[in-house]
Amino acid sequence: KQWYQRRVPITAGMVTLVKEHSALPASAYNVDFYDEAGIAAYKNHAKDSAVEAPTPIHTASVNHPGVSKEGLPIQTEFIVMVASLLVWWGANSIKAKISE
């Protein structure tokens, strides 16, 4: 599986966002901040939904622009190979015209 994870250092600890990469469409997400006791209570709530969910000490909204495809649709090695062949062909054509 491919995971999207982003760690942001803050003064009181660290923020970790973890979801499957395909599960992060473009949207605004609410990020809840918990203290140590809140994290323990949240883990207990995640294991057993009968346990009451803790209240976060702070909530922030994060705007995620969406997953973008990075790079070109074809590999750069292919582009370099085609460019090299064009340069070679051009040089041979010019050499043939000069030799005539």
Side-chain angles (χ1 to χ4, degrees):
K1 288 185 177 180
Q2 187 177 19
W3 296 90
Y4 173 80
Q5 184 170 4
R6 172 83 183 192
R7 292 182 181 262
V8 181
I10 57 174
T11 57
M14 184 158 298
V15 177
T16 303
L17 308 172
V18 179
K19 280 205 171 202
E20 287 190 41
H21 196 244
S22 61
L24 286 173
S27 182
Y29 294 96
N30 289 327
V31 179
D32 295 331
F33 295 89
Y34 298 98
D35 57 2
E36 293 292 328
I39 291 172
Y42 182 81
K43 287 180 180 179
N44 288 335
H45 173 70
K47 290 179 187 174
D48 183 13
S49 60
V51 177
E52 184 179 337
T55 56
I57 57 174
H58 182 70
T59 301
S61 180
V62 176
N63 183 25
H64 183 262
V67 178
S68 65
K69 292 184 177 180
E70 294 183 13
L72 300 171
I74 56 175
Q75 294 182 354
T76 55
E77 292 88 353
F78 179 75
I79 295 172
V80 169
M81 183 187 71
V82 169
S84 299
L85 289 173
L86 288 174
V87 168
W88 176 81
W89 176 77
N92 275 341
S93 296
I94 293 172
K95 180 182 172 190
K97 287 182 183 179
I98 292 174
S99 297
E100 289 179 359

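All values below come from the heavy atoms of this structure, side chains included, with hydrogens, waters and symmetry mates left out.
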Write out all pairs satisfying ring-ring contact (aromatic ring centres under 6.0 Å, His included) with one or both partners inside residues 43-62, taking only residues at least two apart or from two chains.
Phe33-His58
Partners meeting side chain to side chain contact (heavy atoms under 4.5 Å, CB included) with Thr59 (sequence neighbours left out):
Asn30, Asp32, Pro56
Using distance only, find each side-chain donor-acceptor pair of residues 83-100 under 3.5 Å and give its atom names and separation, not counting sequence neighbours.
| from | atom 1 | to | atom 2 | distance (Å) |
| --- | --- | --- | --- | --- |
| Ser84 | OG | Val80 | O | 2.9 |
| Ser93 | OG | Trp89 | O | 2.9 |
| Ser99 | OG | Lys95 | O | 2.9 |

Closest approach of Ile57 and Asp35, non-hydrogen atoms and distance?
CD1-N, 4.0 Å
Considering all heavy atoms of both residues, which atom of Ala28 and which atom of Ser61 are nearest to each other, and what is their separation?
CB-OG, 4.1 Å
Within a reach of under 6.0 Å around OH of Tyr34, are more than 12 heavy atoms found that belong to other residues, nucleotides or ligands?
yes
